[in-house]
Number of protein chains: 2
Amino acid sequence: MVPLQMKTADPELMRAINRFHVMDAIRRFGPISRVEISDRTQLSATTVSAITGALLDDQLIITHQLGGIRDAARGRPRVMLELNPAAAYVVGVKLALDQITVATTNFRADLLSSLVLPIRLQRQPVSVIADLVEDGIRRSIADAGLTIEQVSGVCVGLPGVVERIAGVCRASPIFGERDVPFAAELTTRLSGVAATIDSDVNLVTLAEHWFGEARGLDDFLVISVELGLGLGIMHNGELFRGANGLSPDLGDLMVRPPNGNGSTRLAEAASEASILAEAQEILAGGEHAHAFRLGRGMEKILQLAAGGEPRILDLLERAGGSLGFAIANLITLFAPPKVILAGAALEAGEALVGPIRRTVAELLPPSLADVSEIVVHHWSDDIWARGAAAMTLRDLYGAPWNTTGPVVHR
Amino acid sequence: MVPLQMKTADPELMRAINRFHVMDAIRRFGPISRVEISDRTQLSATTVSAITGALLDDQLIITHQLGGIRDAARGRPRVMLELNPAAAYVVGVKLALDQITVATTNFRADLLSSLVLPIRLQRQPVSVIADLVEDGIRRSIADAGLTIEQVSGVCVGLPGVVERIAGVCRASPIFGERDVPFAAELTTRLSGVAATIDSDVNLVTLAEHWFGEARGLDDFLVISVELGLGLGIMHNGELFRGANGLSPDLGDLMVRPPNGNGSTRLAEAASEASILAEAQEILAGGEHAHAFRLGRGMEKILQLAAGGEPRILDLLERAGGSLGFAIANLITLFAPPKVILAGAALEAGEALVGPIRRTVAELLPPSLADVSEIVVHHWSDDIWARGAAAMTLRDLYGAPWNTTGPVVHR
DNA sequence: AGATTTAATCCGCATTGTTTATTAAACAAG
DNA sequence: CTTGTTTAATAAACAATGCGGATTAAATCT
């Protein structure tokens with residue numbers, strides 16, 4: 001069940017739709033037999049045979065040797081099918097203010113290599129950033145034992161407002177400029193390997209959907225508390241992208257700070273950046289000051305929170321209240337069964353998550369009191385990049401909706 | 001371009017999709033010739049001929065006599081096609097706290113009859129409300145010169161949280177109870193005529209899309225300020241319904257009241273109900289008091305606002321600020337090209353709309369400063385009911401997505 | 001009256017999915 | 001070892017669809 005950007009229907013579209021369903025079943029449940037695909041997709045066995053036949057011809061899938069577990073003891077054994085890991089390779093990139101993460105995966109989204117470049121990108125001109133990203137990509141490809149010709153696509157995730165289809169970053173804390181055509185910038189550098197860009201949260205949202213906390217869930221929200229704040233929306237199994245393919249930026253939401261007057265942007269109340277800034281002020285001149293100068297501010301904060309430092313606890317309490325305010329409103333709007341929170345700041349544990357939960361519980365209307373489960377998910381660095389890879393793979397799988405990506409067949 | 005709840009594709013679905021596109025083109029642009037349908041849908045002339053042939057057989061469309069305007073002076077004239085008004089009849093109902101509006105339309109959503117029952121529904125038991133609605137429907141059908149057997153469907157719009165697919169109203173100011181299975185309640189009363197329910201704002205949102213301010217716009221928001229507050233979201237040409245087909249209730253959003261501490265639910269800050277209550281308090285004991293007792297409170301308020309009564313202007317200023325806060329956040333999330341405001345309170349004009357615009361402008365992030373046009377639309381009473389009728393017609397047209405409705409064919 | 005132009009339809013074809021039969025590949029029983 | 005049974009996978013026949021090219025229909029122009 002996937003929403004489709006509607007075109008007029010012809011036999012080709014029909015085949016594309018069904019091929020995608022088969023591919024999706026194999027990705028999600030492989031190794032899987034033809035009969036089971038037939039069960040799951042509601043397609044006839046004949047059709048599944050035809051489609052898997054074509055996929056085998058195209059080397060997009062392979063038969064799994066050493067036959068699967070027999071369902072029944074008798075009868076012809078099922079031939080298990082799975083994605084051909086070598087069918088394609090993709091690279092995912094995650095840009096953050098303080099580092100670049102790059103990951104190369106195969107067609108199954110298995111990590112082949114990953115690397116982190118701890119570089120402060122802020123204020124660098126676009127061309128310099130593109131150069132750095134290019135270097136990282138080329139290095140990661142080499143680390144994976146591949147050449148760039150073998151790579152089918154690259155996807156870059158970055159914070160801010162991104163128009164994926166146009167390949168333009170409308171606004172990002174990373175770029176000084178507006179409307180940066182970063183996808184084109186990269187594609188030319190990479191000898192024509194297709195590069196796309198997307199909001200970083202969208203990537204991690206897809207990652208959660210494919211191989212994370214939300215596998216099999218078609219509706220959920222992801223809220224990332226990094227240096228900036230991000231919101232990813234999965235609705236009916238598809239990423240929700242705002243009206244023009246823009247990605248909503250959670251930091252731009254207005255919230256009411258608890259016990260305060262007026263209102264502020266959420267980014268100023270509860271982002272990692274704002275927490276750091278405020279903590280630095282609180283602890284100014286103290287023994288901890290130099291930790292901040294070394295970029296270890298968040299670690300220090302977590303340490304002090306664990307130690308029960310009251311001013312830090314109060315700070316986290318207020319940040320949590322603001323986040324809770326925003327989350328309560330989001331639940332009111334989307335009524336998602338699950339809300340996934342993540343980010344370095346959440347390592348603070350109950351000191352931050354407690355206030356969030358309490359505020360949400362307090363502000364939610366009674367009718368929505370129990371619809372949403374709020375969970376905290378700790379991501380490893382390369383989950384982001386793996387999500388970027390997944391985004392590219394989704395195109396390669398040939399989803400007939402989202403006219404964005406080229407379809408690989410034949 | 002319409003999102004589709006994906007099924008596995010077979011020839012039947014293919015035809016259903018294309019038939020819907022043809023029907024949609026005829027509805028939107030009819031009277032329209034086959035060639036123009038072919039142009040607009042990108043379907044081949046042959047296919048259009050085949051589909052329109054079937055539709056003519058089924059009497060869903062008719063040929064428009066007195067040939068249309070010739071595109072070119074020469075050649076065989078085009079035969080214009082249009083919906084057959086008599087193909088089906090539907091009834092739309094709008095429940096508000098103080099009145100029931102009923103409208104009967106034909107297959108083209110032309111109004112055949114409409115009536116208003118000014119009855120306070122609040123606190124009435126469900127069965128009484130259902131009785132009243134039944135009476136209204138039967139009367140409206142009779143007024144239209146029809147019998148109930150000729151009616152293909154009924155749709156009821158009501159404020160609150162509605163689960164359309166289940167036909168259950170989860171919560172509404174109209175019902176004392178929760179989880180009212182109102183659709184079933186009505187269907188049994190109406191000798192089996194299929195009744196559905198939906199959020200009232202969704203209906204008016206569809207109405208705006210079909211024949212209102214947002215014709216041809218695939219992304220916009222509708223915010224209705226009635227006794228309660230409603231939010232309708234059109235995204236990619238489809239109504240957005242929250243995760244479980246629930247409809248978001250704008251009144252449940254939390255906002256910051258300007259110049260105030262803490263936060264409140266928007267319903268308590270800017271609904272017609274809250275405005276009335278506060279005005280009544282302000283004017284308590286004064287010469288205007290009895291107007292409120294007569295249910296003419298809003299008229300009085302508008303009058304005083306026009307006259308420049310400072311306490312009323314201040315009240316509207318604050319309500320507008322709260323609405324602006326919520327709207328700014330919604331624009332941040334959805335980035336819709338258009339936001340449509342409506343409701344009795346908006347008759348106050350600039351006294352309310354001014355603060356809304358100012359607050360939105362103040363709170364929107366710069367990157368989204370100019371994406372949304374905010375317009376005020378004054379609805380006549382039966383627009384709502386006509387929207388309800390349109391909702392039923394959409395099912396009859398046979399949209400292959402939204403498995404909800406039965407498809408009429410053959 | 002015949003030529004011209006445009007609309008609509010007819011015919012043949014390729015593609016698709018489905019149903020029904022057939023073959024393939026295993027195990028079980030004699 | 002052969003034969004029967006069971007399940008998986010494929011093949012053959014069939015019906016529905018959309019499309020392109022040829023054909024017919026219905027008007028105007030010369």
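A quick note: this is a predicted structure, and the numbers were derived from the prediction, not measured. Quick note on labels: first sequence line is chain A, next is B, and so on, each numbered from 1.
Listed by chain and number, the residues in a side-chain contact (heavy atoms from CB on, under 4.5 Å) with A:Glu36 are A:Ile32, A:Ser33, A:Arg40 (sequence neighbours excluded). For B:Arg108, the salt bridge (charged side-chain N to carboxylate O under 4.0 Å, His left out) partners two or more places apart in sequence, or in a different chain, are B:Glu82, B:Asp110. For B:Ala214, the side-chain contact (heavy atoms from CB on, under 4.5 Å) test picks out B:Glu208, B:Leu217, B:Phe220, B:Ile340, with sequence neighbours left out. With sequence neighbours excluded, the residues forming a side-chain hydrogen bond (donor to acceptor under 3.5 Å, both in side chains) with B:Glu163 are B:Arg170, listed by chain and number. When the salt bridge (charged side-chain N to carboxylate O under 4.0 Å, His left out) test is applied to B:Arg15, no partner is found at least two apart in sequence or on another chain. With sequence neighbours excluded, the residues forming a side-chain hydrogen bond (donor to acceptor under 3.5 Å, both in side chains) with B:Thr47 are B:Ser44, listed by chain and number. Listed by chain and number, the residues in a salt bridge (charged side-chain N to carboxylate O under 4.0 Å, His left out) with B:Arg34 amount to none (sequence neighbours excluded). The side-chain hydrogen bond (donor to acceptor under 3.5 Å, both in side chains) test applied to A:Thr104 returns A:Ser140, not counting sequence neighbours. Applying the side-chain hydrogen bond (donor to acceptor under 3.5 Å, both in side chains) criterion to B:Gln59, with sequence neighbours excluded, gives no partner residue.
The residues B:Arg78 and B:Asp39 are annotated as not salt-bridged, no charged nitrogen and carboxylate oxygen being separated by less than 4.0 angstrom.
B:Ile17 has its CD1 atom 10 Å from the P atom of D:dG18, to the nearest Å. Remark: C1' of D:dA8 and CD1 of A:Ile32 are 14 Å apart, rounded to the nearest angstrom.
Recorded end-axis angle for the helix from C:dA1-D:dT30 to C:dG30-D:dC1 stands at 30°, based on five pairs per end and rounded to 10 degrees.
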What string of B, S and - do you get for nucleotides 8-18 of chain C 5' to 3' if you count protein non-hydrogen atoms under 4.0 Å? SBB-----SSB

Tabulate atom names and distances for all N/O pairs under 3.5 angstrom spanning the protein and nucleotides 1-3 of chain D.
none

